[in-house]
Amino acid sequence: MSEPKENVLMEKIVSLCKRRGFVFQSSEIYGGINGFWDYGPLGAELKRNVKETWWSTMTRLRDDVVGLEATIIMAPQIWKASGHVDTFSDPMCDCLLTRKRFRADQIDPQSGVVYHFAGARDAAAGKESPDAFSVLLPPGKPPESARKTAAQFYQTRGLQSVELLGERTEKVENTTRYNPENGAQLTDPRPFNLMLQTYVGPIQSEDNVAYLRPETAQAIFAQFKNVHETSRQKVPFGIAQIGKAFRNEVTPRNFTFRSREFEQMELEFFIKPDEAIEAICGSVATVPESGHPGEPQPNWGWQAWHRYWVEERVRFYEGIGLSRDTLGFHHQTSEELAHYARACTDILFKFPFSKKDETGAVKGDELEGIAARSDFDLSQHERHSGKSMGVFDEELRTAWTKLAPERQSELSSRYHDSRLKYLVKSGVPQEKAEREAKEDAEGLAKGQYIPHVIEPSAGVDRLILALIANAYTEVSSTDEKGKTETRVVMKFHPRVAPVKVGVFPLLKNKPELVAKAREVFQGLRGRFLAFYDDAGAIGRRYARQDEAGTPFCVTVDFDTLGEKPELLGTVTIRHRDDGRQERVPIAGLADWLQARLV
RNA sequence: GCGGGCGUAGCUCAGCGGUAGAGUACUAGUCUUCCAAACUAGUUGUCACGGGUUCGAAUCCCGUCGCCCGCUCCA
């Protein structure tokens, strides 16, 4: 409404996605289901390419990250330990007057006099509202203001000149049932559980409740010990996973951006606590203000690793066609951060629906969050499962014995304090917390600690939408007759483009061109996703491939067959983004393409 | 979930009480030597779904579902 132009762009993108088979509404023939989307032929290829690029960048091309593929349904205790059972089910209530929504547990208790009304009447119009309504009147305010608020309420119910009925008053203390801003009554608190539930086993009882995972990360923490022991990795190292996650969102919105079923690509990168780094290396590396800190170093603490992963992730996005100027960054403030998190940097993409800030600049919406989560997650699972999540670090133990006694006690006491802070915040009784923190500090001296974690967590479907929005380009051209035509070119990076190459005979009614084109197509299809097309004029076929985002089109013409002898056995390659053409021998075609698709 | 807008062919839309149309796309054919050419023929709809009012509903009313915008939330 306020940004009609951008909505139009978004609508065009949604329309193209359906028309060309990138994204369909789930269950469309039954009217659809809110918050669920399917990928059509082109979308499925695009998504697969993106996930494969991520997987190979994160695991296969690195020495220090291994993969995991865990189940969607896990022991419900995992979600208790992670905090999701508690924080994902907020009781919410709405102001009956303004419709504003509140978290029931965040309303400040108030005291005063409550004015109850049984209903209201509009004698002139002959209408009556039987709905009861109450207003809280803080001390010192005139009763008239309560009646005024009530009158406003009944006006929203369709009465014009309001005559209030059945007024009575009541003194209340510390109530949270009224809107702190205007005193209007709130609806009863209703639970908003964002986790999708099911039952494991045939009996649908409370004992059998299980959750569809709301994030993939927890499986990595839960399997940390197994992966650590079997992969021969030593801290620092990471575990990567791609998989579905589910959230019963209140409002799915913005096409696929906020869906109820979505896919994540998450890395949990485990690092040594800073105290261990200091013991081993003497000090923790200082981190440059901006830019990539370079290859990982042994003296990196959490800040260096955090910056490293932010920059690595930006490189990834640049590598699949999202230039830095299409991205945005949000550094969470200390108020925004979860209590256990030390830092979180969000990588944003400037979507067509992204809002402008006060200065008119588009900030963007989140593609990925890179969080420094301390040792919170593994500690939680250690406490809830009773299984140790600590690792033994030979290097640390050796280094510790060589430290001066005052250095030992300084590091030991810092580690003790941060463990104590965590334990107390997690609700462990003070006495027990002090005992456990002391044990943890003694463990550090013997080379034991719970690893800290840096978590780059990306949403696949959001990234697909970003790539589609980024690729969407309109090209207008006017022909001799003065008719202006707008064509869509999807400028995907060749690495992620669904179809890599289109193969056409210049003309369909010349069997020798068709035969040769089929032959070229057969030669390419095993190595690249290739698409053969001979329907319609050549320009039309180019346009069709432009809309699919195919970066290269190969055309077999009469020169291929030797009309000009020097061009025998060559084809025309036409570039999507500028229509440029070049001549390439068929023999070198696959290699030519290969070089441009990585 | 609440408030507002919307839902007609694959897509963009017209029709707004008398029983459904245009452009485009798609299919086949003719033609065509490089950027959505032309011609011919053809396919497509429970007018989102369900109910009601009416002699008659795509059109008016109610409900449901979905999409878009705001509240909310965040991968």
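Atoms CG (A:L465) and P (B:C68) sit 11 Å apart, rounded to a whole Å. One atom, CD1 of A:I33, and another, C1' of B:A48, lie 16 Å apart when rounded to the nearest Å. Here B:C35 presents its C1' atom at 14 Å from CG of A:D557, a figure rounded to the nearest Å. Separating the CD atom of A:Q264 from the P atom of B:C74 is a distance of 13 Å, rounded to the nearest angstrom. For the pair A:E547 CD and B:U12 P, the computed distance is 13 Å after rounding to whole Å. Between the CZ atom of A:R258 and the C1' atom of B:C74 there is a distance of 5 Å, rounded to whole Å. If you take CZ of A:R253 and P of B:C67, they are 10 Å apart, rounded to a whole angstrom. Taking atom CZ of A:R544 as the reference point, atom P of B:C11 lies 18 Å away to the nearest angstrom.
In a base pair of the Watson-Crick type (N1 to N3 plus N6-O4 or O6-N4) or a G-U wobble (N1-O2 and O6-N3), with each distance short of 3.5 Å, B:U72 is matched with no nucleotide. Nucleotide B:U59 forms no Watson-Crick or G-U wobble pair with any nucleotide shown, as no partner meets the under 3.5 Å limit on both distances. When Watson-Crick and G-U wobble pairs are counted only if both distances are under 3.5 Å, B:A48 pairs with B:U64. Base pairing of B:G23 is made with B:C11, judged by Watson-Crick or G-U wobble geometry with both donor-acceptor distances under 3.5 Å. In this structure, B:C31 forms no base pair with any nucleotide, since neither Watson-Crick nor G-U wobble geometry is met with both distances under 3.5 Å. Pair assignment for B:U54 gives none, since no Watson-Crick or G-U wobble pairing has each distance under 3.5 Å.
The side chain of A:R574 lies closest to B:C35, out of B:C35, B:U33, B:A75. The side chain of A:N34 has B:G66 as its nearest neighbour among B:G66, B:C74, B:C34. In the set B:A75, B:C34, B:U32, the nucleotide with an atom closest to the side chain of A:F262 is B:A75. The side chain of A:Y542 lies closest to B:C35, out of B:C35, B:C73, B:C69. Candidate nucleotides B:C34, B:C69, B:A75 were compared by shortest atom distance to the side chain of A:F353, and B:C69 ranks first. You'll find that the side chain of A:S457 is closest to B:A75, out of B:C34, B:A75, B:C11. Ranking B:C68, B:C67, B:U33 by closeness to the A:Q25 side chain, first place goes to B:C67.
Counting only N and O atoms by type, the side chains of A:S457 and A:E266 include a donor and acceptor under 3.5 Å apart. In this structure, a donor-acceptor pair under 3.5 Å is present between the side chains of A:D365 and A:S354.
Between A:F269 and A:V65, the closest side-chain pair of non-hydrogen atoms falls below 4.5 Å. Annotation: side chain of A:Y472 is in contact with side chain of A:L9 (closest heavy-atom distance under 4.5 Å). Side-chain contact between A:V135 and A:Y178: absent, with no pair of heavy atoms (C-beta onward) separated by less than 4.5 Å. Residues A:V453 and A:L378 fail the side-chain proximity criterion, which asks for heavy atoms closer than 4.5 Å.
In terms of phosphate contacts, A:K18 brings no side-chain nitrogen or oxygen within less than 4.0 Å of OP1 or OP2 of B:G10. Dashed line: the shortest gap from a side-chain N or O of A:R540 to OP1 or OP2 of B:C26 is under 4.0 Å. The side chain of A:N254 places an N or O atom within less than 4.0 Å of a non-bridging phosphate oxygen (OP1 or OP2) of B:C69. Residue A:K508 places none of its side-chain N or O atoms closer than 4.0 Å to OP1 or OP2 of B:U30. Distances shorter than 4.0 Å separate some side-chain N or O of A:S15 from OP1 or OP2 on B:U12. OP1 and OP2 of B:U32 both lie 4.0 Å or more from every side-chain N or O belonging to A:R541. Regarding contacts with the backbone of B:G70, a side-chain N or O of A:K355 is found under 4.0 angstrom from either OP1 or OP2. Using a 4.0 Å cut-off, no side-chain N or O of A:N509 falls inside it from OP1 or OP2 of B:U30. Side-chain N/O atoms of A:R247 include none lying less than 4.0 angstrom from OP1 or OP2 on B:C74.
Rounded to whole Å, the C1' atom of B:A58 lies 27 Å from the corresponding atom of B:G3. Using atom P as the reference point in both B:U8 and B:C47, the two lie 12 Å apart (nearest Å). Distance check on atom C1': B:G15 versus B:A22 gives 11 Å, rounded to whole Å.
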Test ring pair (Phe, Tyr, Trp, His ring centres under 6.0 Å) on A:W37 and A:F255; report intermediate values, then the result.
CA-CA 9 Å; A:W37 301 90; A:F255 198 26; 4.9 Å; yes

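If you check every strand for non-hydrogen atoms under 4.0 Å, A:F504 touches nothing. Within 4.0 Å of A:G21, counting heavy atoms only, lies no atom of the nucleic acid at all. When heavy atoms are screened at a 4.0 angstrom cut-off, A:L367 is found touching the sugar-phosphate backbone but no base atom. Among the heavy atoms of the strands lying under 4.0 Å from A:G369 are primed sugar atoms or P, OP1, OP2 only; no base atom is included. Within 4.0 Å (heavy atoms only), A:Q581 reaches at least one base atom of the nucleic acid. Using a 4.0 Å heavy-atom distance criterion, A:T572 is classed as a base contact. Nucleic acid contact for A:E266: none, since no nucleic acid atom lies under 4.0 Å from a heavy atom of the residue.
The number of heavy atoms from other shown groups lying within 6.0 Å of CD (A:E474) is above 12.
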